[in-house]
Number of protein chains: 2
Amino acid sequence: MNRFGSDISELLRQITHKQMRTETELMQQTGLNQQQGRTLEYIGAHEGIIQKALADAFRLRGATITSMLQGLESNGYIERRTQADNARQKQIYLLPKGRAVLEQISRAFETSNDTLVKALSPVESEQLIKLLAKINRGLDPE
Amino acid sequence: MNRFGSDISELLRQITHKQMRTETELMQQTGLNQQQGRTLEYIGAHEGIIQKALADAFRLRGATITSMLQGLESNGYIERRTQADNARQKQIYLLPKGRAVLEQISRAFETSNDTLVKALSPVESEQLIKLLAKINRGLDPE
DNA sequence: CGAAAACAGTTAGACATCTAACTGTTTGCT
DNA sequence: AGCAAACAGTTAGATGTCTAACTGTTTTCG
């Protein structure tokens, strides 16, 4: 009915939207955008991951991943290796330049998260995480 | 530290991202996208609103609003009137075609919200709304 | 009053994502 | 063994948003 800031879906959208602005700003220094940052982080935690798995993890299209990784590769952050045993897929690895920005990236995301939780008590934060995780799980099967 | 689905910021992002996909899909029938739908709804509730106010409400850039409204106008959903008393601004009004899709739009967003809350009990929903509203408020001043 | 600043909207051009169609590789089945 | 289907990745072209620079209008103030 009276949406405009009152229903959950809309609240989530508003918060996330503001959050993305903050993160884009925080990442400015690195010259990367928010999604590139997340991707480098993820690759760092999953060296040798293939593009399809990145697409699934972030729910982005294959074409989007191709394009983003081409950018990261040509700027020297990562390397894509075609494997001997399966020429269909490419494994992704961080290069030194990529590893070098990880610290800065994770600081940016932590700061961003802090601006969110600072409005809540520790108990409330815990509650919120539980509720969100529940929703997130509920969204997955379909 | 171990982000990837565990911190609030990331959970919000994941949920919202899935949600936007659902909504885009639900709105498919109307030929509008999710943001156009929200905008029409908002105009319906605030007839005569000016573009700047829409930009503020959705936190989109003026240029983005211009472009979106040009689309909605040329497709006959809305009308933009320059006022006599202030030639700087344009007031936005729904045309019959715009009013005609409102019903469908709000059903789509309700459905979308339902897929979220169905994972929660009524009590949990209430809790969640309170927590999110708190965060949202906390984000506003800056 | 008149110039400067603030404001609302627009245009041009960049960028990230999307879909659809395609290439090349691997798997599965008869 | 060999063909069809599934799969991973790429390309081309569309769309939505952004920033920066611009136009035209209104407000402010010396």
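Keep in mind it's a predicted model, so treat the numbers as computed, not measured. Quick note on labels: first sequence line is chain A, next is B, and so on, each numbered from 1.
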Heavy-atom closest contact (B:L11 atom, A:I129 atom, distance): CD1-O, 4.0 Å

Between D:dA14 (C1') and A:R61 (CZ): distance, integer Å: 15 Å

Listed nucleotide nearest any side-chain atom of A:N86, set D:dG9, C:dT25, D:dT17: C:dT25

Value in whole Å for how far the P atom of D:dT17 lies from CG of B:L72: 11 Å

Under-4.0 Å side-chain N/O to phosphate OP1/OP2 contact, B:N33 with D:dT15: no

Whole-Å gap separating C1' (D:dG16) and CG (B:L32): 14 Å

Side-chain donor/acceptor contact of A:R88 with base of D:dC7 under 3.5 Å: yes

Whole-Å gap separating P (C:dT23) and NZ (A:K90): 16 Å

Contact under 4.0 Å: B:Q51 side-chain N or O vs C:dT10 OP1/OP2: yes

Between C:dC7 (C1') and B:D85 (CG): distance, integer Å: 15 Å

Given DNA chain D, 5'-ward residue of the pair A:I50 and A:H17, judged by closest heavy atom: A:I50

Whole angstrom value for the distance that separates P of D:dC18 from CD of A:Q35: 17 Å

Whole-Å distance separating the NZ atom of A:K52 from the P atom of D:dT10: 14 Å

B:R21 side chain to A:R59 backbone, donor-acceptor under 3.5 Å: yes

Residue B:A87, side-chain heavy atoms: nucleotide from D:dT25, D:dG16, D:dT10 that is nearest: D:dT25

Under 4.0 angstrom between B:R21 side-chain N/O and C:dC18 OP1 or OP2: yes

OP1 or OP2 of C:dT10 under 4.0 Å from side-chain N/O of B:R80: yes

Atom-to-atom span, CE of B:M68 to C1' of C:dT11 - whole angstrom: 17 Å

A:Q104, CD: over 12 other non-hydrogen atoms inside 6.0 angstrom: yes

A:Q70 side-chain N/O to D:dT11 phosphate OP1/OP2 under 4.0 Å: yes

5′-ward residue of the pair A:S67/B:A63 relative to DNA chain D: A:S67

Neighbour count >12 (heavy atoms, 6.0 Å) for atom NZ, B:K18: yes

Co-membership, hydrophobic cluster, residues B:I92 and B:V101, 4.5 Å side-chain: yes

Whichever of B:I65 and A:T64 has its nearest DNA chain C nucleotide further upstream toward 5': B:I65

